[in-house]
*Asks:* 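Can you read through this structure? Questions will come right after.
Position 1 is the first residue of the sequence; numbering continues from there.
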Amino acid sequence: MEVIEILQNYTWPGNIRELENFVEQLVIMVKQDEISLSDLPERFHKTETENKDLHLQLQGDTLPEILNNVERDIIKEAYKQHKSTRKTAQFLGIPQSTFMRRLKKHGIDTKTNDGE
């Protein structure tokens, strides 16, 4: 049942042709009578994880709270990768002064060098 849900939730960017080709591949490649999660390519597992993450983010919060949390997480992750406010602001496409205000807004301490 989980496989069916994953396939239903997949966006199918190639539309019906992609779906037809994928089903044909599964019929040829899968040796069992039933398709399992392990038979699905990695792109389907990634989509499932993303959907679960989004569902967890949406539980019990208002839109402003969700956006605030997402912004905070993006800023933390970007700072971990770039390790300077100038480089991180440039990566995010915002002025350094705006980035500094966002750090303050979210209470992110750059002195720990990991954004925590």
*Asks:* So, does D73 use its side chain to make a donor-acceptor pair with the main chain of V70 at under 3.5 Å?
*Replies:*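 No: the side chain of D73 does not pair with the backbone of V70.
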*Asks:* Honestly curious: do I16 and L26 fall in one hydrophobic cluster under the side-chain, below-4.5 Å linking rule?
*Replies:*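 Same cluster.
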*Asks:* How would you list, by chain and number, every residue that makes a ring-ring contact (aromatic ring centres under 6.0 Å, His included) with H82, sequence neighbours excluded?
*Replies:*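 Residues passing ring-ring contact (aromatic ring centres under 6.0 Å, His included) with H82: F91.
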*Asks:* So does Q96 have more than 12 non-hydrogen atoms from other groups sitting under 6.0 Å from CD?
*Replies:*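 Yes, CD of Q96 has more than 12 neighbouring heavy atoms, counting only those of other groups under 6.0 Å.
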*Asks:* Would you indicate whether the side-chain heavy atoms of Q81 and T88 approach each other to under 4.5 Å?
*Replies:*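 No, their side chains stay 4.5 Å or more apart.
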*Asks:* Can you check whether T62's main-chain N or O pairs, donor with acceptor, with E65's side chain at less than 3.5 Å?
*Replies:*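 At least one qualifying donor-acceptor pair exists.
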*Asks:* Indicate yes or no: at least one non-hydrogen side-chain atom of L40 is less than 4.5 angstrom from one of L7.
*Replies:*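 A side-chain contact under 4.5 Å exists here.
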*Asks:* Enter the distance from Q32:CD to S38:OG here, rounded to the nearest 0.5 Å.
*Replies:*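 Taking CD in Q32 and OG in S38, the distance rounds to 7.0 Å.
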*Asks:* Decide whether V23 and M29 are clustered together by the hydrophobic rule: side chain heavy atoms of Ile, Leu, Val, Met, Phe, Trp, Tyr closer than 4.5 Å, transitively.
*Replies:*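 Different clusters: V23 never reaches M29 through Ile, Leu, Val, Met, Phe, Trp or Tyr contacts under 4.5 Å.
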*Asks:* Calculate, to the nearest 0.5 Å, the distance between atoms CD and CG belonging to E24 and L19 respectively.
*Replies:*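 If we round to the nearest 0.5 Å, E24:CD and L19:CG are 10.0 Å apart.
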*Asks:* Would you check if I35 and I4 make a side-chain contact, meaning some heavy-atom pair closer than 4.5 Å?
*Replies:*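 No - every pair of side-chain heavy atoms lies 4.5 Å or more apart.
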*Asks:* Please identify which of these residues, E71, R72, M100, meets the side chain to side chain contact (heavy atoms under 4.5 Å, CB included) condition with K105.
*Replies:*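 Passing option: E71.
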*Asks:* Which atom pair, heavy atoms only, marks the closest approach of V30 to E34?
*Replies:*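 Distance-wise, the nearest heavy atoms are CG1-O, 4.1 Å.
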*Asks:* Is there a side-chain contact between Y79 and I108, using heavy atoms and a 4.5 Å cut-off?
*Replies:*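 Side-chain contact under 4.5 Å: no.
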*Asks:* If you measure from CG on L92 to CD1 on I75, what distance do you get to the nearest 0.5 Å?
*Replies:*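 Those atoms lie 7.0 Å apart.
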*Asks:* Give me the atom names and distance for the closest heavy-atom approach of L37 to V3.
*Replies:*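 Closest pair (atom of L37, atom of V3, distance): N-CG2, 3.7 Å.
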*Asks:* When rounded to the nearest 0.5 angstrom, what distance separates CG in D109 from NZ in K104?
*Replies:*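 That separation rounds to 13.5 Å.
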*Asks:* Take H106 and N68 through the test side-chain contact (heavy atoms from CB on, under 4.5 Å) and record every step on the way to the result.
*Replies:* CA-CA 8 Å; H106 294 292; N68 192 52; 2.9 Å; yes
